[in-house]
Protein chains: 2
Amino acid sequence: MTDVSSAVTEALPEAGSKRRQIRPKAERRQQLIDATIRCIAQHGLSAVTMQMVTRDAGLSVGIANLHFESKDNLLKETLRFVAEEYHGGQIEIMEGGDIPNLSERLDALLDFQLGRGVTQRQKMSVWFAYYGEAGARPVYQKIVSTVDRLAAQKLEALFTDIIREGGYQGVDARELATGYSALIDGLHLGLLVTPRELSKRRARAVARDFLRRAFPKHIY
Amino acid sequence: MTDVSSAVTEALPEAGSKRRQIRPKAERRQQLIDATIRCIAQHGLSAVTMQMVTRDAGLSVGIANLHFESKDNLLKETLRFVAEEYHGGQIEIMEGGDIPNLSERLDALLDFQLGRGVTQRQKMSVWFAYYGEAGARPVYQKIVSTVDRLAAQKLEALFTDIIREGGYQGVDARELATGYSALIDGLHLGLLVTPRELSKRRARAVARDFLRRAFPKHIY
DNA sequence: ACCCAGAATGAATGAATGTTCATTCTTCAT
DNA sequence: ATGAAGAATGAACATTCATTCATTCTGGGT
């Protein structure tokens with residue numbers, strides 16, 4: 001499983017089917033979360049309404065409060081989903097059962113972080129929409145920092161292994177991990193806000209450059 | 001003038017003064033923009049209301065639509081103000097009339113970007129609140145990318161000078177500038193969302209590390 | 001002292017939105 | 001075939017918010 005990220009891009013297949021369908025709770029929840037992601041990406045978090053989300057999902061307004069208690073909760077669960085998807089994907093790569101070679105694992109991580117799945121505008125929009133509100137909403141901070149901490153630890157561990165393998169001197173794994181994470185976040189931001197100035201290709205080159213400067217023997 | 005950023009922190013000095021005051025248009029506009037910044041930082045962009053802003057400014061509700069045509073416009077102008085303040089501060093340093101020494105100029109830039117003025121929670125909150133909406137609002141994208149482009153050029157020019165002075169080999173000024181900008185953005189994000197994990201001190205150390213790796217003769 | 005341009009006010013308005021719940025419909029065990 | 005559990009619906013409700021504008025007030029010019 002290389003691409004962990006699910007496809008939220010597709011619109012609902014609905015056409016003329018007016019017949020009411022009954023589906024298990026978990027499936028409806030996911031439908032609504034997917035619709036929420038699409039709506040945030042298209043209209044911005046502050047413009048998202050329940051009517052908008054449920055219409056996008058092809059369902060009625062009441063169903064949102066049936067499966068999630070409130071709008072607040074739906075938004076919270078959507079953030080949790082996106083956060084776990086992103087960090088889960090990273091962690092899977094970094095734990096590296098699939099890829100024993102450290103150099104290749106680094107490559108795979110970079111591909112995941114700046115590859116197709118994650119840098120879809122949709123996902124990035126959602127990501128930063130919540131970051132924007134995080135300053136005022138401790139709940140969001142908590143969700144993000146929880147998954148973030150684990151990913152940070154795994155990254156530090158990976159860097160530690162690489163430093164040992166390469167015998168690099170005067171390099172602090174923790175500091176480097178912080179820097180690399182920040183760099184990736186910043187590149188995502190650039191891809192979202194100024195896509196004209198920063199292409200995906202160039203973003204990858206910049207990140208690769210950072211790694212090469214730190215671990216010259218492991219990159220290229 | 002080292003610290004370009006104005007103080008938005010203070011609450012209104014108003015106490016028991018009920019007397020209506022007439023002030024020039026420009027002053028009222030700034031009052032409202034400052035109040036908007038405080039409100040966004042405290043409640044989040046999506047929760048900001050006109051009543052909230054005008055009350056914070058110690059003025060009546062009608063005045064917002066008198067000086068700005070609409071809420072949308074007030075928000076737009078607030079973003080423009082914050083963007084220009086931040087990038088203006090950077091550019092002033094990078095043009096470097098005050099500081100001829102390149103090494104010191106780099107230091108000053110770093111101090112500005114991760115120093116008191118800019119990394120106040122208020123300013124960062126506003127910054128990322130708009131980034132979060134940028135995906136869905138081309139107006140915001142345009143405002144940011146306009147000021148961003150100029151700052152990017154100045155940074156690239158500064159790096160070019162440093163590369164020449166230091167005789168550094170195999171370093172591309174443009175790519176490095178992109179990386180450095182992204183790194184700073186990412187660190188700001190970390191300071192905002194996970195302040196527990198990332199202290200301001202450590203953020204500065206990480207950024208300094210990045211620069212030292214690129215320009216070893218110019219840092220320390 | 002007087003006047004008036006226009007700055008400031010805030011109650012009123014209408015539109016939009018989150019949430020509720022009585023009702024309808026689907027499914028499946030019997 | 002039948003009934004019941006509960007999934008799904010959407011009209012109705014209460015609230016909140018941006019915007020308007022008739023009215024009040026202020027300060028400088030005469």
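Each chain gets a letter, A, B and so on, in the order its sequence line appears, and its residues count up from 1.
- Residues passing the ring pair (Phe, Tyr, Trp, His ring centres under 6.0 Å) test with B:Y131, sequence neighbours excluded: B:W127, B:F128.
- Legend: residues meeting side chain to side chain contact (heavy atoms under 4.5 Å, CB included) with A:S181, ordered by chain and number and at least two apart, are A:L155.
- Under the side chain to side chain contact (heavy atoms under 4.5 Å, CB included) criterion, A:K71 pairs with A:M50, A:L75, sequence neighbours left out.
- Going from atom CZ of A:R23 over to atom C1' of C:dT27 covers 11 Å, rounded to whole Å.
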Any protein N or O atoms within reach of nucleotides 27-30 of chain D? Criterion: under 3.5 Å, listing atom names and distances.
| from | atom 1 | to | atom 2 | distance (Å) |
| --- | --- | --- | --- | --- |
| D:dG27 | OP2 | B:R19 | NH2 | 3.4 |

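- Within 4.0 Å of B:V48, counting heavy atoms only, lie sugar-phosphate atoms of the nucleic acid but no base atom.
- Between its opening and closing five pairs, the helix from C:dA1-D:dT30 to C:dT30-D:dA1 changes axis direction by 0°, a value rounded to 10 degrees.
- Taking atom CD on A:E27 and atom C1' on C:dT26, their separation rounds to 15 Å, with Å as the unit.
- For B:I22, the side chain to side chain contact (heavy atoms under 4.5 Å, CB included) criterion is met by no residue, not counting sequence neighbours.
- Contact of the A:I184 side chain with the A:F210 side chain is not registered, since no non-hydrogen atoms from C-beta on lie closer than 4.5 Å.
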Can you tabulate the close N/O pairs, meaning under 3.5 Å, that link protein atoms to atoms of nucleotides 10-12 of chain C?
| from | atom 1 | to | atom 2 | distance (Å) |
| --- | --- | --- | --- | --- |
| C:dG10 | N7 | B:G62 | N | 3.3 |

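- By the side chain to side chain contact (heavy atoms under 4.5 Å, CB included) test, B:T146 is found to be paired with B:K142, residues two or more places apart in sequence or in another chain being considered.
- Note on residues 175-195 of chain A: no pairs pass salt bridge (charged side-chain N to carboxylate O under 4.0 Å, His left out), not counting sequence neighbours.
- For the side-chain hydrogen bond (donor to acceptor under 3.5 Å, both in side chains) condition, the pairs that include at least one residue of residues 40-50 of chain A, sequence neighbours left out, are A:S46-B:E133.
- Remark: B:R174 engages no residue in a side-chain hydrogen bond (donor to acceptor under 3.5 Å, both in side chains) (not counting sequence neighbours).
- Within residues 70-80 of chain A, no residue approaches DNA chain D, by heavy-atom distance under 4.0 Å.
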